Enquirer: 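A single structure is presented below for examination.
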Amino acid sequence: MTVSKERKAELTAQFGNTPVDTGNPKVQVAILTERIKELTEHMKSHQKDFHTRRGLLMLVGRRRRLLSYIKKNDIFEYRALIKELGIRDNIQ
């Protein structure tokens with residue numbers, strides 16, 4: 001369950017400084033959010049898939065660490081990003 005090349009290019013163009021800027025933390029958070037949404041849908045129909053559950057929790061942790069980095073460096077950018085992606089603000 002990966003994000004397609006086309007969707008990844010769209011997210012990179014939307015959140016990155018350049019269309020090939022995949023190292024930008026905002027782009028990484030957007031791509032992780034896409035993957036988390038896909039895995040969440042998978043988990044709704046396969047509740048006992050514990051390998052996927054572990055992977056999902058690891059992705060959520062990685063996204064949380066990136067979001068805390070963005071929040072620490074630029075709070076306005078962080079607020080705009082979570083509003084655009086529809087993520088709750090629970091980073092301490």
Side-chain angles (χ1 to χ4, degrees):
M1 306 207 197
T2 60
V3 180
S4 67
K5 280 187 174 183
E6 295 81 20
R7 182 65 182 143
K8 195 177 286 190
E10 289 173 14
L11 291 171
T12 305
Q14 181 180 357
F15 292 101
N17 297 330
T18 63
V20 293
D21 187 16
T22 56
N24 191 331
K26 292 191 316 185
V27 174
Q28 291 181 19
V29 168
I31 293 172
L32 284 173
T33 301
E34 263 320 289
R35 288 181 64 194
I36 289 169
K37 286 179 185 176
E38 288 178 4
L39 288 177
T40 303
E41 288 301 315
H42 172 80
M43 289 301 297
K44 286 180 182 176
S45 59
H46 302 91
Q47 292 90 5
K48 294 187 178 184
D49 187 355
F50 294 109
H51 290 6
T52 301
R53 181 183 307 261
R54 180 178 186 271
L56 176 61
L57 290 173
M58 289 172 59
L59 290 176
V60 170
R62 185 181 307 162
R63 182 179 72 177
R64 183 182 173 124
R65 286 190 300 273
L66 284 168
L67 283 171
S68 67
Y69 170 78
I70 294 170
K71 185 175 184 178
K72 180 177 68 173
N73 289 329
D74 189 0
I75 188 74
F76 300 113
E77 181 179 319
Y78 169 77
R79 288 180 182 153
L81 180 64
I82 63 169
K83 184 176 182 181
E84 193 166 351
L85 292 175
I87 302 173
R88 286 180 291 161
D89 182 17
N90 59 356
I91 306 295
Q92 302 301 329

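Computed from a predicted model, the values in this text were never measured in an experiment. The first residue of the sequence shown is numbered 1, and numbering continues consecutively from there.
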Enquirer: Ile75 versus Lys71: any side-chain heavy-atom pair under 4.5 Å?
Expert: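 With C-beta onward as the side chain, the pair touches.
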Enquirer: To the nearest 0.5 angstrom, please state how far the CZ atom of Arg54 sits from the CG atom of Leu59.
Expert: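 One finds 11.0 Å between CZ of Arg54 and CG of Leu59.
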Enquirer: How many angstroms lie between atom OG1 of Thr22 and atom CG of Leu11, to the nearest 0.5 angstrom?
Expert: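 Here the rounded value is 12.0 Å.
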Enquirer: Give me the atom names and distance for the closest heavy-atom approach of Glu38 to Thr2.
Expert: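 So the two residues come closest at OE1-O, 3.4 Å.
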Enquirer: Only one of Val60, Ile31, Leu57 forms a side-chain contact (heavy atoms from CB on, under 4.5 Å) with Ile36, so which one is it?
Expert: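 Result for side-chain contact (heavy atoms from CB on, under 4.5 Å) with Ile36: Val60.
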Enquirer: Go through the structure and list residues passing salt bridge (charged side-chain N to carboxylate O under 4.0 Å, His left out) with Lys48, not counting sequence neighbours.
Expert: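 Partners of Lys48 under the salt bridge (charged side-chain N to carboxylate O under 4.0 Å, His left out) test: none.
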Enquirer: Can you find a heavy atom in the side chain of Val20 that is under 4.5 Å from one in the side chain of Thr12?
Expert: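 They are not in contact (no side-chain heavy atoms under 4.5 Å apart), so the answer is no.
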Enquirer: Return all side-chain donor-acceptor pairs below 3.5 angstrom for residues 76-87, not counting sequence neighbours, or 'none' if the list is empty.
Expert:
residue	atom	partner	partner atom	Å
Tyr78	OH	Asp89	OD1	2.6
Glu84	OE2	Gln14	NE2	2.7

Enquirer: Under the 3.5 angstrom rule, does the side chain of Arg53 hit a backbone N or O of Gln47 as a donor-acceptor pair?
Expert: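 Between the backbone of Gln47 and the side chain of Arg53 there is a qualifying donor-acceptor contact (under 3.5 Å).
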Enquirer: Mind checking the CE-CG spacing from Met43 to Leu39? Nearest 0.5 Å is all I need.
Expert: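 Met43 atom CE to Leu39 atom CG measures 8.5 Å (nearest 0.5 Å).
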Enquirer: Distance check, rounded to the nearest 0.5 Å: Glu34 atom CD versus Ser4 atom OG?
Expert: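 One gets 8.5 Å once the value is rounded to the nearest 0.5 Å.
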Enquirer: Say you draw a straight line from CG of Leu56 to CZ of Arg35; how long is it, rounded to the nearest 0.5 Å?
Expert: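 Interatomic distance, Leu56 CG to Arg35 CZ, rounded to 0.5 Å: 10.0 Å.
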Enquirer: Working to the nearest 0.5 Å, report the span between CG of Leu32 and CZ of Arg62.
Expert: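 So the CG of Leu32 and the CZ of Arg62 are separated by 6.0 Å.
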